[in-house]
Amino acid sequence: MRASPALRLSSLSLLVLHQIPLVLADQCHGITDQTFQQGASGSFAVLGEHFEDYADGISMCWVLTLGTSVSSVTFSFTDFQTEHDHDFVSIYNANDERKAHLSGELITPYVARLDEHVNTVVVLFESDGTYHSGADTQQLGFAVEWFDSSDGSCVNDCSGHGTCGSGMSIPPSGPGECSCGEDWAVSGKGDCSVPVTLLENHVTQNVKDLAVGEWVYFRFNLPTSKSILVEVIDTSDVNSDAMLVLNVNDLPTMSHFQYTDFYDWYYDGGDIHFISGQAGYGTYYVGVVNDEFRATEPLSFNITFRQSNLNKMPCIQDCNGHGTCKDNGECDCEEGWFGRHANIPDTCEYKIKELALDHVHSSRVRVGDWDFYEVVVGPDQAYERTLMIQFNSQSPHSYPLVLVRRETPPHLREGLLPTYDAFTFDWGDEDGFELLQGQRQMVRINSTELAAGTYVIGIFNLWGHNVI
């Protein structure tokens, strides 16, 4: 049973007790934690202490009295992350009509505006009684400021990057809503303070030192249907963690998106994250977050957008200059190059290096990456000698795996998590991998099995630190 941290509640307005209108009493019925505010502005919050989660099973109610002369009220959420689809913030007008029902992670400031029946407004927060380990978002809470916006004023005056109530955005913004410039977001829902960078076809952009929990956003426009590929190549420390999400006509978050690289992010821990497929006309928004669930260090990465006609898929990294991109988005790699990265199309990024017998070779392998070597056994050696591959790691917090396969490199089978039995190979050292966490492995091919030919040695780093 998790401990339930105390809640921190804040208010900037005068606390006044008054009679709740009967129509609104139902929303707060049975809720003992009620707060009453009146005037032209105020604020309140539900936040866990010391960055901990708020408690399960909360029911809280705020009743705001603005008066009959007020025609509009604006709520600006400066923080918002609740357990997606389980914990909700709801806003009701004086006619008991629910005008907002919010959950998950929202881009802040998130603006909700009520333009009718606002003499009294109720805000209700309810969290269910269970922590859901599979939820997209955490129970971090929310903070909101509200104010009388009858004069049509916008939050932060659109931050100097948009026009208040111009009606020129898509969708059009109304009174008190920001119409943002195309390099800023979000029209109608924010204050135009979030920069959005244009992605151009086959142009790589670099992002440096994105802090833990921070987002960066991009966009691309499609005038007609296209085959598209968005790739992110993590270039930073192993303790950062990029997650890639994509949305149509709105900025994505951890809980609100249409496409994601979830498999690459969660399972294989590699440096390549991508979203590909066929996309129709419209504006697409791309978000990259240094995920606070797993990251402890800043994130640096390269991002590239590629598009082509519907009958041809772009290839990841354009095959790295060592292969030909086929119509299905796979690379036909040149001899001596391989790219069977875990569960993604070939990238031709790995050179298969020759390894002489009785030679010691040192290298560095990032998490989720391969290092490949080949040994050639001649006819005079076949069935006469034993081939032994001895591996020692100098990185105790890495989790490497050494595998050998005849004639072609070993690889992770499609759709499987990277464990010993999930790879295609001919020889390995399961005991060294399982019992010693891969730190010392010895693969032995007996003389009875040692036919003439090429033997490809693959070293894959499953998890932890980069392996040396």
Side-chain angles (χ1 to χ4, degrees), residues 9-46 58-80 82 87-104 106 108-127 142-158 163-167 169 171-179 186-191 250:
L9 306 180
S10 62
S11 173
L12 298 180
S13 62
L14 182 64
L15 184 66
V16 178
L17 297 177
H18 61 88
Q19 183 66 37
I20 305 175
L22 181 60
V23 70
L24 291 170
D26 288 344
Q27 302 301 335
C28 300
H29 180 71
I31 298 177
T32 58
D33 197 337
Q34 300 182 21
T35 302
F36 304 92
Q37 297 183 358
Q38 71 175 13
S41 64
S43 68
F44 49 91
V46 174
I58 295 174
S59 293
M60 306 180 71
C61 186
W62 293 265
V63 181
L64 316 179
T65 302
L66 289 84
T68 57
S69 63
V70 177
S71 61
S72 178
V73 59
T74 293
F75 293 85
S76 176
F77 290 88
T78 54
D79 291 285
F80 197 104
T82 66
D87 304 343
F88 295 89
V89 174
S90 302
I91 304 176
Y92 297 84
N93 66 12
N95 281 3
D96 199 25
E97 299 168 327
R98 190 172 70 187
K99 309 303 289 185
H101 193 50
L102 309 175
S103 182
L106 300 180
T108 56
Y110 181 90
V111 177
R113 179 182 166 96
L114 280 63
D115 291 315
E116 293 181 319
H117 312 297
V118 296
N119 54 299
T120 306
V121 175
V122 165
V123 180
L124 181 65
F125 174 59
E126 294 180 298
S127 68
F142 66 91
V144 60
E145 300 172 356
W146 61 271
F147 62 91
D148 175 2
S149 54
S150 303
D151 60 356
S153 57
C154 290
V155 173
N156 296 330
D157 198 25
C158 304
T163 304
C164 187
S166 70
S169 65
S173 58
E177 295 180 343
C178 290
S179 176
V186 180
S187 293
K189 298 178 182 178
D191 65 347
D250 200 359

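- Judged by distance alone, the side chains of Ser149 and Ser72 do bring a donor and an acceptor atom under 3.5 Å apart.
- Within the 4.5 Å cutoff, no side-chain heavy atoms of Phe88 are placed close to those of Leu124.
- For the atom pair CD1 (Ile31) and CD1 (Ile58), the distance works out to 11.5 Å, reported to the nearest 0.5 Å.
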Q. Would Asp191 and Val111 satisfy side-chain contact (heavy atoms from CB on, under 4.5 Å), going step by step from the backbone distance to the final call?
A. CA-CA 8 Å; Asp191 65 347; Val111 177; 5.5 Å; no

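- Distance check, rounded to the nearest 0.5 Å: CZ of Arg98 to CD1 of Ile91 gives 11.0 Å.
- Checked against ring-ring contact (aromatic ring centres under 6.0 Å, His included), Phe77 has the following partners two or more places apart in sequence or in another chain: Phe80.
- Under the 3.5 Å distance criterion, the side-chain polar atoms of Ser150 are matched with a main-chain donor or acceptor of Ser71.
- For residues 114-125, the salt bridge (Lys or Arg N to Asp or Glu O under 4.0 Å) pairs, not counting sequence neighbours, are Arg113-Asp115.
- For the cysteines Cys154 and Cys164, the sulfur (SG) atoms lie within a distance shorter than 2.5 angstrom of each other.
- Scanning for side chain to side chain donor-acceptor pair (under 3.5 Å) contacts around Ser153 gives Asp151, with sequence neighbours left out.
- Of all heavy-atom pairs between Trp146 and Ala40, the closest is CZ3-C, 3.9 Å.
- Applying the side chain to side chain contact (heavy atoms under 4.5 Å, CB included) test between Phe44 and each of Glu145, Gln37, Met60 identifies Gln37 as the sole match.
- Taking OG from Ser59 and CG from Asp33, the interatomic distance works out to 9.0 Å, rounded to the nearest 0.5 Å.
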(Q) With side-chain contact (heavy atoms from CB on, under 4.5 Å) as the criterion, how do Phe75 and Leu64 come out once you've worked through the C-alpha distance, each side chain's angles and the decisive distance to 0.1 Å? (A) CA-CA 12 Å; Phe75 293 85; Leu64 316 179; 3.6 Å; yes

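- Put simply, CG on Leu106 and OG1 on Thr78 are 11.5 Å apart, with the number rounded to the nearest 0.5 Å.
- The two atoms that bring Cys178 and Val155 nearest to each other are SG-O, 4.3 Å, heavy atoms only.
- Checking side-chain atoms of Thr82 against main-chain N and O of Asp87 turns up a donor-acceptor pair under 3.5 Å.
- A search for ring-ring contact (aromatic ring centres under 6.0 Å, His included) contacts involving Phe125 returns Tyr54, Phe142, not counting sequence neighbours.
- Residues passing the side-chain contact (heavy atoms from CB on, under 4.5 Å) test with Glu97 are Asn93, Asn95, Lys99, His117, sequence neighbours excluded.
- Interatomic distance, CG of Leu66 versus OG of Ser41, reported as 9.5 Å (0.5 Å rounding).
- Atom OG1 in Thr74 sits 8.5 Å away from atom CD in Glu177 (nearest 0.5 Å).
- Residues forming a salt bridge (Lys or Arg N to Asp or Glu O under 4.0 Å) with Asp250 (at least two apart in sequence, or on another chain): Lys189.
- Listed here is the closest heavy atom pair of Tyr92 and Val121: O-CG1, 3.2 Å.
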